[in-house]
Amino acid sequence: MMRDFGPETLEADLASLKPARMPEQLSTDLVRSLARGGPKLERRPQASLFGWLRWAIPVGSVAGLMVFFILGWHGTSSNKPRLSTPKSTPVAIFKPDAVLLSQELVANFEAVTRLPDGSPVRVRCEEWIDEVQLRDPARGVWVEHRKPRLEVHPVGYDTY
Amino acid sequence: MDERPEQTRWRRWLDEFGPGFLLFARQKCRSEADAQDLVQEAVLEAAGRQKDGEPPARALVFATIHRRAIDLARTQTRRERREAAIVDATPETWFDTLVEDRERARMIQNAMNKLPEIYREAITLKIWGGLTFAEIGESLGIPANTAASRYRYGLDELRRTTKAIFA
């Protein structure tokens with residue numbers, strides 16, 4: 001079927017399509033959770049055999065860090081004879097009670113660059129700042145790490 | 001079993017806006033299970049931020065889906081190296097259609113899939129999400145003018161693709 005593909009016609013064509021309804025189970029689960037007023041999530045069965053790794057790895061990392069700090073604290077407080085070292089301050093355990101992870105888009109712009117064969121290509125560039133903050137007010141410790149990141153997305157081969 | 005009034009209110013809200021949320025999530029995920037999880041988590045997170053118990057703004061839900069999809073994509077990139085042969089990647093149909101429209105809907109879905117993601121998400125949020133360009137900008141973390149530009153470029157690209165299909 002031939003169609004006139006003016007902008008308004010295409011928009012109307014797209015709008016005539018209705019997004020598929022949500023599966024009944026998803027809708028029912030959500031309604032129950034929302035009406036209860038609490039986000040009790042029940043993850044759907046994953047097709048992946050390694051789904052448990054998604055939480056096991058971060059939990060294991062945190063456990064490893066805790067072991068590291070605890071061993072370090074016990075090491076400095078033990079009665080073992082020390083080699084000749086200057087007075088050392090005990091290692092304090094860092095217990096952040098506030099952790100902030102954020103991503104901030106600081107700039108976005110389009111640019112034209114050239115492929116190795118010389119043909120121009122338009123790209124969309126996004127500059128992000130990834131930030132991690134750990135705070136332990138009891139010890140007056142605040143760790144902040146900010147890392148810039150540049151994302152480049154090819155947009156098209158036509159330039160204007 | 002009869003629903004409580006509170007449940008009926010939420011079901012009406014989900015019946016009206018849920019399909020748009022799921023369409024947006026399906027375009028960002030590699031599997032149907034991930035898309036449904038994304039919608040569930042995003043809706044509950046957005047609703048949890050409402051102090052008055054009212055349904056959250058659509059733009060907030062879409063913004064939450066967008067942010068969580070970015071995090072999920074980063075995790076999946078590492079996981080997929082291990083599970084490439086196992087993950088179910090069967091594409092779901094994006095639209096509810098009558099039999100005579102099914103082929104057209106499939107072709108438009110394929111054409112949308114070929115668009116750059118930044119165009120596809122602007123078109124989806126504008127046409128099926130019902131958002132203004134200002135709301136699209138808030139959801140995606142971009143200026144409203146950029147949202148409008150992406151929408152126009154996306155329609156131009158889609159028009160070229162669908163003209164070739166339907167001609």
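Each chain gets a letter, A, B and so on, in the order the sequences are listed, and its residues count up from 1.
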Interchain contact, [X] with chain A, by part (heavy-atom threshold 4.5 Å):
X	value
T124(B)	neither
L115(B)	neither
Y151(B)	side chain
R152(B)	neither
R26(B)	side chain

Item checked: Top contributor to chain A contacts, counting heavy-atom pairs under 4.5 Å, from V43(B), D15(B), I70(B), I142(B) -> V43(B)
Notebook entry, point to check: Is the number of heavy atoms from other residues, nucleotides or ligands within 6.0 Å of CZ (R149(A)) greater than 12?
Noted result: yes
Next item on the list: Check each atom of E104(A) against the heavy atoms of chain B and say whether the ones under 4.5 Å are side chain, backbone, both or neither.
Entry: neither
Check: Can you hop from I127(B) to L131(B) via hydrophobic side chains spaced under 4.5 Å?
Finding: yes
Under a 4.0 Å threshold between the charged nitrogen and the carboxylate oxygen, would [Y] count as salt-bridged to [X]?
X	Y	value
R150(B)	E117(B)	no
E110(A)	R122(A)	yes
E45(B)	R49(B)	yes
E121(B)	K28(B)	yes

Next item on the list: Tell me, out of T28(A), L105(A), N108(A), L30(A), who's got the most heavy-atom pairs with chain B below 4.5 Å.
Entry: L30(A)
Check: Hey, which of H153(A), E126(A), R124(A) has the most heavy atom pairs under 4.5 Å with chain B?
Finding: R124(A)
Notebook entry, point to check: Centroid-to-centroid, F21(B) to W13(B), below 6.0 Å?
Noted result: yes
